[in-house]
Amino acid sequence: MDTVTITTEYIKLQDLLKFTSLVSTGGEAKVMISEGEVMVNGEICLQRGRKIRPGDLVKYHGHDISVKYAD
């Protein structure tokens, strides 16, 4: 599982996918999310602007990503 550390309250789902290099562009993220290829907390998520906060688990093509706040 990959863990992403954020210094803000949340990170948008499409930005998380770009930040982790699972997609190359925002356009690619939009397509992958709209096609139902991304899960958040065990459910398919179709909202590219979904706010991902610490404790949320994102799954995409065999990759598990969690988010935590910076210490």
Side-chain angles (χ1 to χ4, degrees):
M1 177 179 305
D2 296 322
T3 302
V4 173
T5 303
I6 60 173
T7 58
T8 56
E9 180 182 352
Y10 62 85
I11 183 170
K12 290 184 180 179
L13 179 57
Q14 67 182 11
D15 296 333
L16 179 65
L17 294 177
K18 288 189 302 186
F19 182 79
T20 56
S21 300
L22 294 175
V23 296
S24 336
T25 66
E28 184 180 353
K30 179 181 177 180
V31 170
M32 296 302 129
I33 294 166
S34 68
E35 290 182 354
E37 297 186 29
V38 181
M39 296 182 77
V40 177
N41 299 328
E43 297 181 4
I44 293 174
C45 181
L46 301 175
Q47 301 169 311
R48 64 186 174 146
R50 166 107 184 237
K51 296 174 182 175
I52 305 300
R53 293 182 167 88
D56 289 337
L57 179 62
V58 176
K59 292 186 178 222
Y60 174 71
H61 287 234
H63 295 275
D64 292 343
I65 308 159
S66 66
V67 175
K68 72 172 191 167
Y69 286 127
D71 294 330

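Numbers here are sequence positions counted from 1.
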| field | Co-members of Leu17 in a cluster of I, L, V, M, F, W and Y side chains, linked at under 4.5 Å | value | Val4, Ile6, Ile11, Leu13, Leu16, Phe19, Leu22, Val23, Val31, Met32, Ile33, Val38, Val40, Ile52, Val58, Tyr60, Ile65, Val67, Tyr69
| field | N/O donor-acceptor pair under 3.5 Å between Asn41 side chain and Leu57 backbone | value | yes
| request: Any chance you could measure Lys59, atom NZ, to Glu43, atom CD, to the nearest 0.5 Å? | output: 13.0 Å
| said: Any non-hydrogen side-chain atom of His61 less than 4.5 Å from a side-chain atom of Glu37? | reply: yes
| How close do Lys18 and Gly26 get, heavy atom to heavy atom, and via which atoms? | CD-N, 3.4 Å
| Are Asp56 and Arg53 ion-paired here, with the side-chain N under 4.0 Å from a carboxylate O? | no
| Atom OG1 of Thr7 and atom CG of Asp71: how far apart are they, to the nearest 0.5 Å? | 12.0 Å
| field | Remaining members of hydrophobic cluster (4.5 Å side-chain criterion), Ile44 | value | Met39, Leu46
| When rounded to the nearest 0.5 angstrom, what is the spacing between CZ in Arg50 and NZ in Lys12? | 14.0 Å
